[in-house]
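Note sheet for the following structure.
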Amino acid sequence: FKKEGILAPGPDGFIFAGKGSPAHQISLRSVESQSYQITEGRKILEELEGTRVHREAFPGAVYLHMGAGYRVLKLDPKRHRVEVEREKEPIYTRAQGQFSVHLDGAPLNETAPSPPLGGLVQGLARVRVTDTVTAYKEFRSDSDDPLRTVSLAEPRTRTQSSWAAYLRFPEKFYRSLEPAPPVFSLAEALHGLEHLMASLSPIRVQAEPAEVESYSTENFPAFNAPAVFLIDGVPGAGLAEGILPSLGLLLRDAADTLGRCRCENGCPSCVIRGRCRHSIVGVSKGGARYVMKVLEKTKEKRKKPRTAA
């Protein structure tokens, strides 16, 4: 806001320095300042954050507004406008592609393996996030049945720097899962846990769900170990820094949610997240539940006092 001339230093902190009413200039929906107008002819349907346009409003996609579908005809980055027309069929689309995260510098505030976290390491890191959309998949709105997959003529890639709070698992954590039935992979288990924590974290930091991105992998190269990341979806929002001290509470919340949800294989109330960026990896509710059991056992072992020899 200071850089854009909206705020200026005052005697007791920052003061408003813009023109007109500040309430009309600051979005209550998102901390992101850049937005696009969704237009049908001369009618403005709504405004959409730039980070969401990349995956939800590219040419060919069907954008949902007030329960109705609108096919995207044109995306105009210069005018910050998305031109749409009403879709006659009950269809919605979901972007397909790749999502990757890389460290952009040394981690900060990294802790030693923590007993309350089941022996996990937590930290804060600057990350470089790359999101590539290569195709979109069409589904029927009334049944969720897949219809077709359409490849984009030119893949859409968006790279940005942001901050992430993360949990780093022990390098040999996968060995802890060996006694479990081989019905899920560690990647699927972590993916389920990632979705749970990402869905619950906005409550802890008072943010919109779209403002928290997430990522998990069974082997993050910089750590040579499994990891789960909760990322500022809007760079500079400061959400990751707020999430960091709440990671232990989020693990507890995740365990409680898994225990309460009565679905068998996962649903939007637990491990299914509509904003998933790396959908090529499956999601396992059973795997997420087993990971939580392993962490709980680790906590219990670390709580037991050592007996004298």
Side-chain angles (χ1 to χ4, degrees), residues 29-32 49 51-52 54-56 94-95 97-102 117-118 120 122-125 127-131 158 160 162-169 184 186-218 220 226-261 263 265-289 291-292 295:
R29 294 182 57 189
S30 172
V31 296
E32 186 176 0
E49 297 86 357
T51 50
R52 293 179 58 190
H54 175 71
R55 275 191 164 258
E56 298 180 31
R94 185 174 297 163
Q98 299 176 337
F99 185 80
S100 61
V101 174
H102 302 275
L117 296 176
L120 304 186
Q122 68 177 24
L124 186 71
V127 294
R128 186 172 67 260
V129 179
T130 301
D131 186 9
R158 189 172 188 269
Q160 64 182 27
S162 192
W163 287 92
Y166 65 84
L167 287 173
R168 175 161 60 88
F169 289 70
F184 58 83
L186 178 55
E188 293 171 335
L190 292 176
H191 200 184
L193 178 60
E194 168 211 329
H195 280 190
L196 272 166
M197 297 183 71
S199 297
L200 294 166
S201 58
I203 301 173
R204 292 288 178 185
V205 293
Q206 299 182 0
E208 290 289 328
E211 293 171 354
V212 178
E213 298 283 3
S214 61
Y215 179 75
S216 61
T217 175
E218 59 185 338
F220 189 65
V228 172
F229 293 83
L230 298 176
I231 309 163
D232 275 1
V234 181
L239 300 180
E241 189 173 358
I243 290 173
L244 180 63
S246 300
L247 288 175
L249 294 175
L250 287 173
L251 283 174
R252 186 197 67 187
D253 293 345
D256 291 344
T257 301
L258 286 171
R260 291 196 309 267
C261 188
C263 76
N265 297 317
C267 70
S269 294
C270 56
V271 300
I272 302 299
R273 192 173 190 234
R275 294 187 52 79
C276 179
R277 294 293 185 255
H278 51 126
S279 55
I280 57 174
V281 179
V283 177
S284 172
K285 179 179 182 179
R289 186 185 290 115
V291 167
M292 295 306 302
L295 294 179

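- Here M197 contributes atom CE and R273 contributes atom CZ; the two are 12.0 Å apart, rounded to the nearest 0.5 Å.
- Looking at every heavy atom in both residues, F99 comes nearest to S214 through CE2-O, 3.6 Å.
- In plain terms, the two heavy atoms of G266 and I272 that are nearest each other are C-CG1, 3.7 Å.
- Every residue was checked against the side-chain hydrogen bond (donor to acceptor under 3.5 Å, both in side chains) condition with Y215, not counting sequence neighbours, and none meets it.
- Evaluation of the side-chain contact (heavy atoms from CB on, under 4.5 Å) rule for Q122 yields T111, L117, L167, L244, L247 as partners, not counting sequence neighbours.
- Applying the salt bridge (charged side-chain N to carboxylate O under 4.0 Å, His left out) test to every pair with at least one member in residues 189-200, sequence neighbours left out, gives no pairs at all.
- Taking every heavy atom of both residues into account, S284 and F184 meet most closely at OG-CB, 3.4 Å.
- With sequence neighbours excluded, the residues forming a side-chain contact (heavy atoms from CB on, under 4.5 Å) with S269 are C261, C267, listed by chain and number.
- Here H54 contributes atom NE2 and E49 contributes atom CD; the two are 15.0 Å apart, rounded to the nearest 0.5 Å.
- Minimum interatomic distance between T217 and L190 (heavy atoms only, all atoms of both residues): O-CD1, 3.5 Å.
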Donor-acceptor list for residues 228-242 side chains, cut-off 3.5 Å, not counting sequence neighbours:
{"residue": "D232", "atom": "OD1", "partner": "L239", "partner atom": "N", "Å": "3.0"}
{"residue": "D232", "atom": "OD1", "partner": "A240", "partner atom": "N", "Å": "2.7"}
{"residue": "D232", "atom": "OD2", "partner": "G238", "partner atom": "N", "Å": "3.1"}
{"residue": "D232", "atom": "OD2", "partner": "L239", "partner atom": "N", "Å": "3.4"}

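- If you take CD1 on I243 and OH on Y166, they are separated by 14.5 Å, rounding to the nearest 0.5 Å.
- Counting heavy atoms from C-beta on, the side chains of P226 and L186 come closer than 4.5 Å.
- For the atom pair CZ (R52) and CD (E208), the distance works out to 9.0 Å, reported to the nearest 0.5 Å.
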Using residues 248-260 as the side-chain source, report each donor-acceptor pair under 3.5 Å to any protein atom, sequence neighbours left out, with the distance given to one decimal.
{"residue": "D253", "atom": "OD1", "partner": "R204", "partner atom": "NH2", "Å": "3.3"}
{"residue": "D253", "atom": "OD2", "partner": "R204", "partner atom": "NE", "Å": "3.2"}
{"residue": "D253", "atom": "OD2", "partner": "R204", "partner atom": "NH2", "Å": "2.9"}
{"residue": "T257", "atom": "OG1", "partner": "D253", "partner atom": "O", "Å": "2.9"}

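- Of the possible donor and acceptor atoms, one in the side chain of H191 sits under 3.5 Å from a partner among the backbone N and O of G282.
- Going from atom SG of C270 over to atom CG of L193 covers 12.0 Å, rounded to the nearest 0.5 Å.
- Remark: R289 engages no residue in a side-chain hydrogen bond (donor to acceptor under 3.5 Å, both in side chains) (not counting sequence neighbours).
- Partners of R55 according to the salt bridge (charged side-chain N to carboxylate O under 4.0 Å, His left out) rule, which considers only residues two or more places apart in sequence or in another chain, are D131.
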Legend entry - Criterion side chain to side chain contact (heavy atoms under 4.5 Å, CB included) on H195 and V283, from CA distance to verdict: CA-CA 9 Å; H195 280 190; V283 177; 3.8 Å; yes
